[in-house]
Amino acid sequence: MKAPTFEELQQEMVNFNLSNYQATICKNIKKIRKSLYEDNKYFYQENNLKNPYSSQSIAELLEISHEYYKRLESFDKTKPIFIKLFFKVVVLFDRNISDFLK
């Protein structure tokens with residue numbers, strides 16, 4: 001693999017668009033949460049337990065409003081995901097950080 005030149009890296013920075021990354025992260029948060037919800041739905045129902053992977057439960061666990069969380073999952077540019085909140089989601093969902101960037 002050829003090492004990039006300074007100019008090539010500089011061009012990457014010119015083309016960098018944070019919104020694209022945030023949109024991908026938010027889309028994957030929703031996808032992963034829904035998968036966890038569905039995978040565990042019957043266990044929680046059978047045991048008469050609250051499903052911790054509902055959007056309401058996740059909002060409570062993250063200590064944010066449900067409205068904010070729903071806007072986050074749908075990637076509202078006016079409510080960007082902050083790094084601390086992102087790391088809390090990574091820990092809460094027990095996933096590798098790269099799963100959110102794909």
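- With sequence neighbours left out, N40 forms a side-chain hydrogen bond (donor to acceptor under 3.5 Å, both in side chains) with no residue at all.
- By the rule that hydrophobic residues join a cluster once side-chain heavy atoms approach within less than 4.5 Å of another member, I83 and L62 end up as members of one cluster.
- Put simply, the side chain of R95 reaches to within 4.5 Å of the side chain of L36, judged on heavy atoms.
- Closest heavy-atom contact between L101 and N28: N-ND2, 4.1 Å.
- When the side chains of ILVMFWY residues are joined at heavy-atom separations under 4.5 Å, either directly or via intervening members, L18 and M13 end up in two distinct hydrophobic clusters.
- Between F100 and F93, the ring planes lie parallel to each other; the angle is under 30°, not in the 30° to 60° tilted range.
- Under the side-chain contact (heavy atoms from CB on, under 4.5 Å) criterion, Q45 pairs with K41, Y42, not counting sequence neighbours.
- When the options I97, L61, I58, I29 are evaluated for a side-chain contact (heavy atoms from CB on, under 4.5 Å) with V89, the one that passes is I29.
- Residues Y21 and L85 are members of separate hydrophobic clusters, defined by side-chain heavy-atom contacts under 4.5 angstrom among Ile, Leu, Val, Met, Phe, Trp and Tyr.
- Nearest heavy-atom pair, N47 versus F43, reported as atom, atom and distance to 0.1 Å: ND2-O, 2.7 Å.
- For the pair Y37 and S55, the minimum side-chain heavy-atom distance is 4.5 Å or more.
- Inter-residue side-chain proximity for I25 and F75 is flagged as unmet; no heavy-atom pair is nearer than 4.5 Å.
- Interatomic distance, I32 CD1 to Y53 OH, rounded to the nearest 0.5 Å: 11.5 Å.
- The number of heavy-atom neighbours closer than 6.0 Å to CD of E8, taken from other residues, nucleotides and ligands shown, is above 12.
- No more than 12 heavy atoms of other residues, nucleotides or ligands shown are found within 6.0 angstrom of CG on D94.
- Listed by first and then second residue, the salt bridge (Lys or Arg N to Asp or Glu O under 4.0 Å) pairs that reach into residues 22-35 are R33-E73, sequence neighbours excluded.
- Note that the CG atom of N17 and the CD atom of Q22 stand 9.0 Å from one another [nearest 0.5 Å].
- Atom NZ in K102 sits 7.5 Å away from atom CG in N96 (nearest 0.5 Å).
- Between atom OG of residue S65 and atom CD of residue E60 there is a gap of 11.5 Å, rounded to the nearest 0.5 Å.
- Closest of all the heavy-atom pairs between A59 and H66 is CB-CA, 3.7 Å.
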